[in-house]
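Quick caveat, the model's predicted, so the values are computed rather than measured. All chains are named by letter (A, B, ...) in the order of the sequence lines, taking the proteins before the strands, and each is independently numbered beginning at 1.
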Protein chains: 2
Amino acid sequence: MAEIVPHWLTKQADLAPNQTAVELPDGTIYTFLELHDKSQSFARRLRGLGVQKETKVGILSANHIDTVIAVHALTYLGAVAVMLNTRLTEQELDYQIHDADAAFVLVQQHDRELDAAVQTFSDVWMLPEHTGELYTEIDLDLNFTIIYTSGTTGFPKGVIHTYGNHLWSAIGSMLNLGLSNQDKWLAVLPIFHVGGLSILLRSVIYGIPVYLMEKYSKQLVHDAIMTKGVTIASVVTVMVKDLITQLGDSTYPDTFRCMLLGGGPASKSLLEQAKARHVPVFQSYGMTETSSQIVTLSPVDAMEKLGSSGKPLFPAQLKINAGDHEVGEIQVKGPMVTKGYFNHEQATQQALTDGWLATGDLGYTDQEGFLYVVDRRKDLIISGGENIYPTEIESVLSSMEGILEVGIVGKSDAKWGQIPVAFVVACNPSVSEKNILDFARHKLAGYKVPKDIYFLDKLPRNASNKLVRSKLSDRLIDNDSQSH
Amino acid sequence: MAEIVPHWLTKQADLAPNQTAVELPDGTIYTFLELHDKSQSFARRLRGLGVQKETKVGILSANHIDTVIAVHALTYLGAVAVMLNTRLTEQELDYQIHDADAAFVLVQQHDRELDAAVQTFSDVWMLPEHTGELYTEIDLDLNFTIIYTSGTTGFPKGVIHTYGNHLWSAIGSMLNLGLSNQDKWLAVLPIFHVGGLSILLRSVIYGIPVYLMEKYSKQLVHDAIMTKGVTIASVVTVMVKDLITQLGDSTYPDTFRCMLLGGGPASKSLLEQAKARHVPVFQSYGMTETSSQIVTLSPVDAMEKLGSSGKPLFPAQLKINAGDHEVGEIQVKGPMVTKGYFNHEQATQQALTDGWLATGDLGYTDQEGFLYVVDRRKDLIISGGENIYPTEIESVLSSMEGILEVGIVGKSDAKWGQIPVAFVVACNPSVSEKNILDFARHKLAGYKVPKDIYFLDKLPRNASNKLVRSKLSDRLIDNDSQSH
């Protein structure tokens, strides 16, 4: 049965009007009442652009207060926010915008050439307010956000999140981490990813402040934890490294109780360094389809189970398609798991069976039920917390004239964890590394552009002619040992 | 859409197997793993009695560990627990047992003459375990408990609670009070009332211990708060009085963070005494139909808004059928509100409109939205935390030969808050106070038996011939001022 709850921002504006909702590094504060008023005002202006129930609106912006306001404004109209990654190329963005059927895109500035209607936040603030009812309740079954992910299929698909998905995600996190009225959650992860977005939503669900940072700087994050009363920070591995270096021989305040680590594995040595410096790193496992973390180490186990991602959160279930404690595909289920991909019924059916999501990731559980992720989604490359799907890059590069076929694998990198590299079979001898990189930079977000190009006569394939990327990875190790 | 979550006790046995689930005053501890094992074992034995999905099973017991086990055991079979008040007479119990269609009743001892099949907990423990699947998941839309309440209609009705009702109630409470891994919740309120039952369920949902007391003693409750690490205690007004006296000039440990007060209003002077002694009393408002508290003062406001019941919890909404800040009927809505009464479709339709429950209670909200309950459900008498419905007593006493009509009202009482007194119109001069009391004691729980009987020639009625109880109350004040 569809559950109805009061509108969550209106609720917090009522329960705790003067409580800080958003704090910016320059000291600017927005209370829940102010955020409520601004979001409702923005909603009334958006109405002039025809936004109504189920209208899809793209949001392409860094972590700006207007991004927060825009997300909440859409909830007051029952519209759907399509969260767009600012690091994508215009081609990539256009694909997502059209696939999601977005009516227009909200941006901070007119600095991208998109094949879509675009409105800056300032444009919208200049519009008059239109009267009419705003939503006072939230139906948990309604769609709220769409965020794109490529998965193994090579083309990006829009993951639909209902309000219920996000609310249950917040509840699961709270039941694991607890909740104090002193809590303040640092959001430096981009809001266009589910890991950043979920912090905003926890803020209005819990009634706690979010400390919103527009971009990552190790110095600023360090300062926020040391002096701004931040109690929980969501981070990716590359940040943990930075922050431990930055910390030096100091220690964080006791009130800093959780560094929630998502977006890829951390090395055991890094986790040990964190432990030695009393940095409360909690590994977690999740993906866009699970509305952020779905498996997380609890405070109790964080220091005892280094390397594990923990146990499924209270509302979630986990199973591995394999014998006891053997490696197999990780499957998860729970009310925070997406009900499907927007307009991709077939992909939805492939991914979901009776509520169980086949993640494509490999892992095992130990005797006590702790999850160890062995390998992320087949061949997934994680670079500085961003997911890179080899098939997506391969399909882009293969479309270049003079290229016959392409294989992409991840290469270890001290700073980013991994970086993508390309193995190319050219059918025209004039194709150069520079040609390929120019082509790639035009079509792919910078972090997806291969950092090295290797030319081969042919790619390793198995009996059924499928690319065997592991052989390319082996070759990479051979190359490496030769060149160093 | 029906949400599915993992079975909550199995989940806690997995997340925190060695964490204390139940602690008894004699020092006995049951971990979540032990409680899980015992509850599953009890479920397998209950299966031998034919208990399966949707079977209704009465539970008539004090706060004993077996009561806890029985409640959880029923969840593993998808059966429904009918929670029975041990203070009721056999006639009252028989009515509820048959109305709820209970297959049998679980009791501690064979000490009641019920017109129903009865099994003691020990009987069940002697049965063999039957194999078969136990529930591994919980469908939040399924019915879980039935608890009787009389309301204004004069006959008791079974309030149905789904799993979702109880889960959302726990979530709403957590979002208000926060959650710490140091929490321990004292359950001295009877589990057969929703206020006590909800503590058990929060324990398995939050993964925190419940400190379970079989019966109320101010000394034992005081000791538990002072020395047993209790952080939250649910109480009724009469207990607050006792405990403040018991506290004397001492103060509770800082870790004791909430005395959650339900089951009727507290006087301002009592709340002021509590405030002066730093006793963190949080008033709340709720009823069986709302799965316990639905409006609660938050920690922030507890000391500033003495006398208010607070604001509706995060998932809940409140409206008053009256002008702004005027007194009217309190209506509430939210996923913790019952979907209806068992087998009483008409009463359900009368009580619920579009998810809004008409409580029958009167109240108003102040400028900041805080609820002040002016009058509980029309003529409801609250005596030591037990609800007494005048119509129920009136209909019982009216059935006595020689009595023409009866009016019941509450009289102020220093210890119990209120006690019921009766105004009787006899049609046979031989009917005496003693006759009436003998008759009442046989038919009504002790706390419902009128403490005084006044004989009248006729009862005050209005134009439409409805009893005007307020005139009886006025008369009581007159009587009082004459006799003292």
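Legend: residues meeting ring pair (Phe, Tyr, Trp, His ring centres under 6.0 Å) with A:Phe370, ordered by chain and number and at least two apart, are absent.
The two residues A:Leu175 and B:Ile205 make their nearest non-hydrogen contact at CD2-O, 3.5 Å.
Per-residue counts of heavy-atom pairs under 4.5 Å with chain B were compared for A:Leu15, A:Leu167, A:Ile138, A:Thr136; the largest is that of A:Leu15.
The part of B:Trp168 that comes within reach of chain A is its side chain, from C-beta onward, which places non-hydrogen atoms under 4.5 angstrom from that chain. For B:Val337, no part lies under 4.5 angstrom from a heavy atom of chain A.
In this structure, CG in A:Leu179 is found 7.5 Å from CG in B:Leu179, a value given to the nearest 0.5 Å.
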Can you give the donor-acceptor pairs under 3.5 Å from side chains of residues 308-320 of chain A to other protein atoms, not counting sequence neighbours?
unit_1   : atom_1 : unit_2   : atom_2 : d
A:Ser308 : OG     : A:Gly310 : N      : 2.8
A:Ser308 : OG     : A:Leu371 : O      : 2.8
A:Lys311 : NZ     : A:Glu368 : O      : 3.1
A:Lys311 : NZ     : B:Asp14  : O      : 2.4
A:Gln317 : NE2    : B:Glu137 : OE2    : 2.8

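With contacts defined as side-chain heavy-atom distances shorter than 4.5 Å, the pair A:Val5/B:Pro335 qualifies.
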